[in-house]
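Notes follow the structure.
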Amino acid sequence: MQLQTDIRTWQPPAGITSDRDRERFGCAVPAPKLAPHLWVRLFNPPTAFSFDEARLLCQHSEDKWLAWIPDHGEILLNTNEFCAT
């Protein structure tokens, strides 16, 4: 059995440059402190068919979180790949 690696290059959503733009995208402004069980909005979902939100499970490092995406599973996300909703 061969494991597949999820490799993505994050690109910011077009036009998100200010707090007003972040609010329109659905980001909480000011951003709440990240914590387990918090739902976040993904800027770039892993597949075209996966949900655009994930639930944070635990912090992996200073800028990475293990998260769960419905109908996709666990994924390691960098903090610049999502925003709190």
The salt bridge (Lys or Arg N to Asp or Glu O under 4.0 Å) partners of Asp52 (sequence neighbours excluded) come to Arg41

Output the distance between atom CD (Glu62) and atom CG (Asn78), rounded to the nearest 0.5 Å.
-> 10.5 Å

Full working for side chain to side chain contact (heavy atoms under 4.5 Å, CB included) between Val40 and Trp65 | CA-CA 11 Å; Val40 295; Trp65 281 80; over 6 Å; no

After noting the C-alpha distance and the side-chain angles of Gln59 and Leu34, does the key distance pass the side chain to side chain contact (heavy atoms under 4.5 Å, CB included) rule?
-> CA-CA 9 Å; Gln59 190 167 10; Leu34 298 177; over 6 Å; no

Between Phe51 and Ile69, what is the shortest heavy-atom contact and its length?
-> O-CG2, 3.9 Å

Please round to the nearest 0.5 Å and tell me the distance separating atom NE2 of His72 and atom CG of Leu42.
-> 9.5 Å

Find the distance between CG (Leu57) and CG (Leu76) and round it off to the nearest 0.5 Å.
-> 10.5 Å

Smallest separation among heavy atoms of Thr85 and Trp39, with atom names = OG1-O, 3.2 Å

